[in-house]
Amino acid sequence: MDYKIIPLNTGTITLDQGAYCTLGRGVGTKVDTPSTAWCITDGKEHFLVDTGMCNTERANKWHHEGFQPKGGRIDEQLMSRAGIRPEAISAVFFTHLHWDHCSNMKLFRNARYYVQARELEFALNPTLPPYYRSYEAPILGIEAPFTGCSFITVDGDYAYNDAITFFPTPGHSVGHQSVAVRTAKGTVVIAGDAVFVEENMEGDPGQLLEFIPIGRYINYFEMWNSFKEIKRRAALVLPGHDARVFNKSSYP
Ligand SMILES: [Zn+2]
């Protein structure tokens, strides 16, 4: 049976468009973006890609203006959108460990957690101070969602099974990865924050830009190469902070 990919909306984060979504385009324009996680299911086995954002109070105190509505927490979204209980999730594949991608991960107590080794290493010790909040570093006096969790770390490409593959897409974060799912309609790439919005992949041919960079990155070269790798693999790209992914209730 083929996999179905269901978008889950764990809340809204208000971002400056030009500073986060499309570099230099839309500076000063505030946009409400979804904090998206994904369920992959074939009806028998159920997986998550990321677990979304935290509650409103915590988001506003430590991160960005935004909110998590009632029913927006990842386990509530999973039940209302996919009819799946948290205990039934057998694995969570993390694109990266920023706060809005791994909050409440401990709710999935039967799941194995997969992440790139480089991402986990940096998340546990974010040596660049502007990233303290992104990873909810201990120096802030708060506890990160992944504190005390054990992960299965992967290094580079990893085939979870014959239909689901993770591959490195660094640039937004040190050890970011994307998840490729082979479906009846071709390969769907769940891009995490390697791609914030559709426009990143559309580029701007008039400016000789194959892609439009995201605004939040730790390595510009890697970000660009990750766009290329995603384009090479994907029949369809699912971005991490684009409300239009909710125009459909499932993919492909
Ligand atoms: Zn991120």
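Within the 4.5 Å cutoff, no side-chain heavy atoms of Val179 are placed close to those of Trp38. Met105 has its side chain within reach of Phe151: a pair of non-hydrogen atoms, C-beta onward, lies under 4.5 Å apart. Under the 4.5 Å side-chain criterion, counting only non-hydrogen atoms from C-beta, Asn55 is not in contact with Arg73.
Grouping Ile, Leu, Val, Met, Phe, Trp and Tyr residues whose side-chain heavy atoms lie under 4.5 Å apart, directly or via other members, leaves Phe67 alone, with no other cluster members. Clustering of Ile, Leu, Val, Met, Phe, Trp and Tyr by side-chain heavy atoms under 4.5 Å joins Trp62 with Tyr132, Ile139, Leu140, Ile142. As a member of the Ile/Leu/Val/Met/Phe/Trp/Tyr network built from side-chain separations under 4.5 Å, Met79 groups with nothing else and remains a singleton. Hydrophobic side-chain contacts under 4.5 Å tie Ile212 to no other Ile, Leu, Val, Met, Phe, Trp or Tyr residue.
Taking CG from Asn60 and NE2 from His64, the interatomic distance works out to 10.5 Å, rounded to the nearest 0.5 Å. Atom OG in Ser249 sits 12.5 Å away from atom CD1 in Ile5 (nearest 0.5 Å). Rounded to the nearest 0.5 angstrom, Asp2 CG and Thr41 OG1 are separated by 12.0 Å. Here CG of Asn104 is found 9.0 Å from CD of Glu76. Values are rounded to the nearest 0.5 Å. Here the CZ-CG distance, from Phe93 to Leu48, works out to 9.0 Å after rounding to the nearest 0.5 Å. With rounding to the nearest 0.5 Å, the separation of OG1 in Thr153 from CG in Asp155 is 7.5 Å.
Screening Lys228, His96, His176 against Thr169 for a side-chain hydrogen bond (donor to acceptor under 3.5 Å, both in side chains) leaves a single residue, His176.
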Kindly determine whether Tyr251 and Thr183 satisfy side chain to side chain contact (heavy atoms under 4.5 Å, CB included), including the steps that lead there.
CA-CA 9 Å; Tyr251 294 86; Thr183 75; over 6 Å; no
Under the side chain to side chain contact (heavy atoms under 4.5 Å, CB included) rule, what do Asp50 and Phe94 come out as? Steps first, then yes or no, please.
CA-CA 5 Å; Asp50 296 337; Phe94 289 100; 3.8 Å; yes
With ring-ring contact (aromatic ring centres under 6.0 Å, His included) as the test, would you mind laying out the steps for Phe108 and Tyr113 before giving the verdict?
CA-CA 9 Å; Phe108 303 95; Tyr113 306 129; 8.3 Å; no
Audit row: Asp100, Ser35, side-chain hydrogen bond (donor to acceptor under 3.5 Å, both in side chains) steps and yes/no
CA-CA 6 Å; Asp100 55 327; Ser35 178; 4.6 Å; no
Start with the C-alpha gap between Tyr160 and Phe47, add the side-chain angles, then the distance that decides, and say whether ring-ring contact (aromatic ring centres under 6.0 Å, His included) holds.
CA-CA 11 Å; Tyr160 180 81; Phe47 310 107; 5.2 Å; yes
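Under a 3.5 Å cut-off, the side chain of Asn110 and the backbone N or O of Glu87 do form a donor-acceptor pair. Remark: side-chain polar atoms of Glu119 are paired, donor with acceptor, to backbone N or O of Gly175 under 3.5 angstrom. A distance-only check finds a donor-acceptor pair linking the side chain of Thr51 to the backbone of Ser103 [under 3.5 Å]. Side-chain atoms of Thr56 come within 3.5 Å of backbone N or O of Gln68 as a donor-acceptor pair.
In this structure, the side chain to side chain donor-acceptor pair (under 3.5 Å) partners of Gln116, at least two apart in sequence or on a different chain, are Gln177. A search for ring-ring contact (aromatic ring centres under 6.0 Å, His included) contacts involving His63 returns Trp99, not counting sequence neighbours. Glu222 meets the side chain to side chain donor-acceptor pair (under 3.5 Å) test with no other residue; sequence neighbours excluded. Every residue meeting the side chain to side chain donor-acceptor pair (under 3.5 Å) condition with Arg232, not counting sequence neighbours, appears here in chain and number order: Glu229.
Environment of CG in Asn247: crowded, with over 12 heavy atoms of neighbouring residues, nucleotides or ligands closer than 6.0 Å. Other residues, nucleotides and ligands place no more than 12 heavy atoms under 6.0 Å from the NZ atom of Lys185. Remark: Lys4 NZ is loosely packed, at most 12 non-hydrogen atoms of other residues, nucleotides or ligands lying under 6.0 Å away.
Listed by first and then second residue, the ring pair (Phe, Tyr, Trp, His ring centres under 6.0 Å) pairs that reach into residues 190-213 are His172-Phe196, Phe196-His241, Phe211-Trp224, Phe211-Phe227, sequence neighbours excluded. The side chain to side chain donor-acceptor pair (under 3.5 Å) contacts involving residues 21-30 comprise Arg25-Asp204, where partners must be two or more places apart or lie in separate chains. Judged as a salt bridge (Lys or Arg N to Asp or Glu O under 4.0 Å), the pairs with a partner in residues 189-203 (not counting sequence neighbours) are, in order, Glu198-Arg244, Glu199-Arg244.
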Which pairs would a plain distance check flag for residues 161-168, meaning a side-chain donor or acceptor within less than 3.5 Å of a matching protein atom at least two apart in sequence or in another chain?
residue	atom	partner	partner atom	Å
Asn161	OD1	Ala163	N	2.8
Asn161	OD1	Ile164	N	2.8
Asn161	ND2	Tyr3	OH	3.0

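Comment: Arg233 engages Asp157 in a salt bridge, judged by a side-chain N to carboxylate O separation of less than 4.0 angstrom.
A donor and an acceptor atom, one from each side chain of His98 and Ser134, are nowhere located under 3.5 Å apart.
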